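Before any comments, here is the structure.
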Amino acid sequence: MKTLRDAKIGDRVRVVKLHGEGAVKRRIMDMGLTKGVEVHIRKVAPLGDPIEVTVRGYELSLRKADAEMIEVE
């Protein structure tokens, strides 16, 4: 299983599944990260946290813990 956290800078990946439950999963979905959406990895901070991605035409920063809940292909 490859997660968004495992993706490298410059990769374009597609969301396959969201793990997690309740409010955490809802918050990720509210940010536009839903099944089937394409995500472009733009930057990763020097220590790996946070990760900056482009999704649905806007830039979004995610913590490593949140990125690990997003399964991609």
Side-chain angles (χ1 to χ4, degrees):
M1 175 181 88
K2 182 178 177 183
T3 65
L4 192 57
R5 181 178 178 185
D6 302 328
K8 306 292 181 216
I9 296 172
D11 284 356
R12 287 190 182 275
V13 294
R14 187 168 305 277
V15 176
V16 176
K17 184 177 181 181
L18 296 175
H19 298 278
E21 51 190 57
V24 175
K25 186 174 182 178
R26 169 56 49 196
R27 187 170 57 85
I28 291 171
M29 291 175 71
D30 288 345
M31 289 188 279
L33 290 162
T34 56
K35 185 177 178 180
V37 74
E38 187 175 283
V39 180
H40 177 240
I41 313 303
R42 293 183 40 89
K43 299 178 195 172
V44 177
L47 297 177
D49 202 13
I51 299 168
E52 186 177 305
V53 299
T54 301
V55 59
R56 298 183 190 261
Y58 68 94
E59 294 176 1
L60 175 68
S61 292
L62 290 169
R63 295 179 297 188
K64 284 193 288 188
D66 293 338
E68 204 165 272
M69 293 182 202
I70 304 166
E71 185 177 337
V72 297
E73 63 179 3

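Keep in mind the model is a prediction, meaning the values are calculated, not measured.
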Quick one: does [X]'s side chain get under 4.5 Å of [Y]'s, heavy atoms only?
X: I70; Y: L18; answer: yes
X: V15; Y: V55; answer: no
X: I51; Y: L4; answer: no

Are [X] and [Y] linked, directly or through other ILVMFWY residues, by side chains that come within less than 4.5 angstrom of each other?
X: V72; Y: M29; value: yes
X: V24; Y: V53; value: yes
X: V39; Y: I9; value: yes
X: V13; Y: V37; value: yes

NZ/NE/NH1/NH2 to OD/OE distance under 4.0 Å, R63 and D66: yes
Salt bridge flag under 4.0 Å for residues R5 and E68: yes
Starting at [atom1] of [X], measure out to [atom2] of [Y] and round the result to the nearest 0.5 Å.
X: K43; Y: T54; atom1: NZ; atom2: OG1; result: 9.5 Å
X: M69; Y: H19; atom1: CE; atom2: NE2; result: 10.5 Å
X: D6; Y: E71; atom1: CG; atom2: CD; result: 10.5 Å

R26 atom CZ: more than 12 heavy-atom contacts under 6.0 Å: no
Criterion side-chain contact (heavy atoms from CB on, under 4.5 Å) against E73, the qualifying member of K2, R14, M1: R14
Salt bridge (charged side-chain N to carboxylate O under 4.0 Å, His left out) contacts touching residues 46-56 (sequence neighbours left out): R42-E52
